[in-house]
Amino acid sequence: MLANKPYVIGLTGGIGCGKSEAAKFLSSLGAAHLDADVISHELTEAGGAALPEIRRVFGEAAFNADGSLDRASLGKLVFGNEPARRALEGIIHPLVQREMLTRMDAAARAGASVVILDVPLLFETGMDALCDETWTLYLPREKQVARVVTRDGLTREAAEARVDSQMAAEKRNALATHAVNTDQPIERTRAELESLYRAAVKKAE
């Protein structure tokens, strides 16, 4: 392995399965953490690189009077509208991937040996191709729905819709190098993640 190429772990998982907490924990162990959701948000903030194309495709209905993105209105435009959702993803995902690559290079120059790519749609967007291995977090569906209801204050129906809009856990687990069941005490989940991380560090050496 080239000395300046970090070992890249793709981290994904269904909504409510604990991915954010896992990423924080892995960062505390020394991994460089790149968050696709954070980058996506930056790309759609005022002056963000995604805004001109979003305006061209979705029009002024997706923007506030001050020119900033109206996230709620854009959400309504794409919710339940498969072509519109795919159009939005076609704008944002390539920009996120390009920025991820830029930040991976920066992490390598800073001496990072392991980089975590935190990507909810890791397999759907093909970003698993950037990774040396992939990890996914999962829960039994009923517990996943319950967590989303509690965390986001949604109705059961709304939580189920969000869970079911994502790739099925079974499919994601089959695609991943490692699948971690987070339906256990957090200490056990952290111990499992730390074991996987230590093994990755050795591969990076």
Side-chain angles (χ1 to χ4, degrees), residues 9-28 31 33-45 50 69-93 95-97 99-100 116-128 130-131 133-186 188-190 192-193 196:
I9 299 166
L11 180 67
T12 192
I15 184 173
C17 290
K19 185 171 59 62
S20 296
E21 286 303 314
K24 288 178 186 175
F25 176 66
L26 293 167
S27 295
S28 76
H33 174 215
L34 304 182
D35 188 329
D37 279 345
V38 169
I39 292 172
S40 177
H41 200 275
E42 291 173 358
L43 291 167
T44 52
E45 286 180 339
L69 186 66
D70 186 336
R71 297 179 190 277
S73 293
L74 181 61
K76 290 176 183 176
L77 290 171
V78 302
F79 183 75
N81 184 331
E82 186 72 9
R85 183 178 64 80
R86 290 190 179 278
L88 180 61
E89 290 174 351
I91 295 168
I92 293 177
H93 291 167
L95 293 173
V96 170
Q97 185 161 328
E99 184 62 24
M100 280 278 198
I116 303 292
L117 295 191
D118 180 352
V119 188
L121 300 177
L122 183 72
F123 298 113
E124 295 91 329
T125 58
M127 289 186 68
D128 57 303
L130 303 176
C131 305
E133 62 182 76
T134 55
W135 304 354
T136 184
L137 309 182
Y138 71 97
L139 278 171
R141 183 180 182 279
E142 186 59 33
K143 294 196 175 183
Q144 186 182 0
V145 170
R147 275 197 193 178
V148 176
V149 167
T150 301
R151 187 191 71 181
D152 297 340
L154 299 176
T155 64
R156 179 179 176 82
E157 292 73 19
E160 287 179 335
R162 291 200 181 183
V163 169
D164 293 340
S165 72
Q166 298 183 322
M167 179 183 287
E170 294 78 11
K171 183 176 181 181
R172 198 186 291 113
N173 291 357
L175 291 170
T177 313
H178 300 287
V180 178
N181 186 347
T182 57
D183 184 23
Q184 59 183 344
I186 191 169
R188 288 182 61 185
T189 298
R190 286 177 174 172
E192 191 171 345
L193 290 171
L196 290 172

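In this chain, residues are counted from 1 in sequence order.
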(message) Looking at V180, is its backbone amide N or carbonyl O close enough to the side chain of E192 to form a donor-acceptor pair, meaning the two atoms are under 3.5 Å apart?
(response) no
(message) Which heavy atom of L154 sits nearest to which heavy atom of V148, and what is that distance?
(response) CD1-CG1, 3.8 Å
(request) Specify the closest pair of heavy atoms between D35 and M100, including all atoms of both residues, with the distance to one decimal. (result) C-CE, 4.0 Å
(message) Side chains of T177 and C131, heavy atoms from C-beta outward: is any pair under 4.5 Å?
(response) no
(message) If I compare all heavy atoms of R172 with all of G14, which pair ends up nearest, and what's the gap?
(response) NH1-N, 3.4 Å
(message) Tell me the closest heavy-atom pair linking C17 and L139, and the distance in Å.
(response) SG-N, 3.7 Å
(request) Return the minimal non-hydrogen interatomic distance between L193 and A22, and the atom names on each side. (result) CD1-CB, 3.7 Å
(message) Less than 4.5 Å apart, side chain to side chain, heavy atoms only: is that true for V96 and L43?
(response) yes
(request) Tell me, yes or no, whether the heavy-atom count around R188 atom CZ, taken from other residues, nucleotides or ligands under 6.0 Å, exceeds 12. (result) no
(message) Can you pull out every salt bridge (Lys or Arg N to Asp or Glu O under 4.0 Å) where at least one residue sits in residues 18-27? Sequence neighbours excluded, please.
(response) K19-D118, E21-K24
(message) Closer than 3.5 angstrom, by distance alone: can the side chain of T182 be matched with the main-chain N or O of L137 as a donor-acceptor pair?
(response) no
(message) On a heavy-atom basis, which atom in S40 and which in T44 lie closest, and how many Å separate them?
(response) O-OG1, 3.0 Å
(request) Keeping the roles fixed (side chain from S165, backbone from R162), state whether a donor-acceptor pair exists under 3.5 Å. (result) yes
